[in-house]
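The structure presented is a predicted model; accordingly, all values stated were derived computationally and were not measured.
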Amino acid sequence: MSIAIAKNHMAEMNMHGMLAVLDQTIADATRDKISYSEFVDILLQAEADHRQERKAVNRIKAAKFTVRSAFEDFDFTAERSITKAQIKEIYTLGWLNDARPLLLIGETGVGKTFIAQAVGLHACESGKSVLYMSITALQENLAIARSSGHYLRYRAKLAKFDLIIFDEMGMRKFTATEAQDLCEIIEERSIDKSIAFTSQLPVDHWNEVIPDAVIFDAIRDRLEHSALTIKITGPTYRGVKARKLASKKKDA
């Protein structure tokens, strides 16, 4: 079989990873006199790596992140209370593998959303399916799903993700129905999946947006006893960034 025909077969079978490295692998094999089994191993590994990368790209796209945050871009020079040890604990995903919730609590601008989306991106790259949305989007989506008769289908869709990240918990008050939905989502994810929240409000203050005392107690109980809770204090990132820019202009 000629190389051209082999390439056509690879393309037809969507073996794009193999196809991308075929010419170079043939050249290396000829130069280094590698065995047939080594040659095949190199092509198979290239195809496996390509497919894993493609899956990761698809998972990141499905997660619907608003920005592509990454832990290596986190600014430790800002005087915030979160430590490198805490970032490492979040990064290792042990809490996710143990089906524990993650709570990032702090005032606006301290990096909660950045960390939440960074951990979501890292989870996608680690083979986990992730969905990111604001808590108000969840409330709106549940209302639309109910009114259109697709409520159970939407809940089933949510249940498929390994990790759901709800940003800005506390931005809007919950109706009793919305609070019950949230309580059920938290409960069903406590077995083998996980959930993450960012919020300006500590969990024991969520009754400010969840008026139903019974549901609030149920949500607090499910979160407080099992969650990895990181409380972040310090100056806002926007303020830190503005001061750095002002300093650079002054030095220029």
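The number of heavy-atom neighbours closer than 6.0 Å to CZ of Phe71, taken from other residues, nucleotides and ligands shown, is above 12. Enclosure of atom CE in Met13 by more than 12 non-hydrogen atoms of other residues, nucleotides or ligands within 6.0 angstrom is indicated. More than 12 heavy atoms of other shown residues, nucleotides or ligands fall within 6.0 angstrom of atom CZ in Arg31.
Taking 4.0 Å as the cut-off between side-chain N and carboxylate O, Asp167 and Lys112 do not count as a salt-bridged pair. The pair Arg54-Asp49 does not count as a salt bridge, with every side-chain nitrogen at least 4.0 angstrom from each carboxylate oxygen. Ionic pairing of Glu89 and Lys84 is not present here: no N-O contact between side-chain nitrogen and carboxylate oxygen is shorter than 4.0 angstrom.
Both Met15 and Leu44 are assigned to one and the same hydrophobic cluster, defined by single-linkage of ILVMFWY side chains at heavy-atom distances under 4.5 Å. Hydrophobic clustering of Ile, Leu, Val, Met, Phe, Trp and Tyr side chains at less than 4.5 Å, counting indirect connections, keeps Ile164 apart from Val119. Hydrophobic clustering (ILVMFWY, side-chain heavy atoms < 4.5 Å, transitive): Ile219 and Leu102 are in distinct clusters.
Here the shortest heavy-atom pairing between Leu96 and Asp162 reads CD1-O, 3.7 Å. In terms of heavy-atom proximity, Glu47 sits nearest to Asn14 at OE2-O, 3.6 Å. Scanning all heavy atoms of the two residues, the minimum distance from Ser81 to Lys231 falls at OG-O, 3.3 Å. The minimum heavy-atom distance linking Arg189 with Ile185 is given by the pair CG-O, 2.9 Å. The minimum heavy-atom distance linking Ala179 with Phe174 is given by the pair N-CD2, 3.8 Å. Nearest approach of Ile60 to Cys124, heavy atoms of both residues: CG1-CB, 3.6 Å.
With hydrogens and angles ignored, the 3.5 Å screen pairs no side-chain donor or acceptor of His122 with any backbone N or O of Ala70. With Glu79 contributing its side chain and Gly234 its backbone, the two residues share no donor-acceptor pair below 3.5 Å. Put simply, the side chain of Gln117 never gets that close to the backbone of Phe65: no donor and acceptor are under 3.5 Å apart. Formation of a donor-acceptor pair under 3.5 Å by the Asn97 side chain with backbone atoms of Leu93 is found in this model. Arg100 places no side-chain N or O within 3.5 Å of a backbone atom of Gly94 that could act as its donor or acceptor partner. In terms of modelled atom types and a separation under 3.5 Å, the side chain of Asp212 and the main chain of Ile215 share a donor-acceptor contact. The main-chain N or O of Ile90 is found under 3.5 Å from a side-chain atom of Trp95 such that the two form a donor-acceptor pair.
Taking CG of Leu131 as the reference point, atom CD1 of Ile195 lies at 10.5 Å (rounded to 0.5 Å). One finds the CG atom of Leu142 at 10.0 Å from the OG1 atom of Thr177 (value rounded to the nearest 0.5 Å). Separating the CD atom in Glu168 from the CG atom in Leu201 is a distance of 10.0 Å, to the nearest 0.5 Å. A distance of 8.0 Å separates CZ of Arg222 from CD1 of Ile186, quoted to the nearest 0.5 Å. Within the model, atoms OG1 of Thr198 and CD1 of Ile165 stand 9.5 Å from one another, a figure rounded to the nearest 0.5 Å. Atom CG of residue Leu121 and atom OG of residue Ser69 lie 8.0 Å apart, to the nearest 0.5 angstrom.
Using a 4.5 Å cut-off on side-chain heavy atoms (C-beta onward), Lys64 and Tyr132 make no contact. Between Leu152 and His150 the shortest side-chain heavy-atom distance does not fall below 4.5 Å. A 4.5 Å side-chain heavy-atom check between Met18 and Ile42 finds every atom pair outside the cut-off. Within the 4.5 Å cutoff, side-chain heavy atoms of Gln86 are placed close to those of Thr83. Two residues are said to be in side-chain contact when any heavy atoms from C-beta on lie closer than 4.5 Å; Ile82 and Ile230 meet this criterion. Two residues are said to be in side-chain contact when any heavy atoms from C-beta on lie closer than 4.5 Å; Tyr151 and Asp181 meet this criterion. Contact check for Glu125 versus Val57: no side-chain heavy atoms found under the 4.5 Å cut-off. Between Val130 and Arg59, every side-chain heavy-atom pair lies at or beyond the 4.5 Å cut-off.
A side-chain donor-acceptor contact under 3.5 Å links Gln24 and Asp28.
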query: Please walk me through it: do Lys193 and Glu188 pass salt bridge (charged side-chain N to carboxylate O under 4.0 Å, His left out)?
result: CA-CA 8 Å; Lys193 299 182 186 298; Glu188 70 186 13; over 6 Å; no
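Shown here are the side-chain contact (heavy atoms from CB on, under 4.5 Å) partners of Ser35, two or more places apart in sequence or in another chain: Ser37, Glu38.
Pairs engaging residues 182-216 under the ring pair (Phe, Tyr, Trp, His ring centres under 6.0 Å) rule: Phe166-Phe197, Phe197-Trp206 [sequence neighbours left out].
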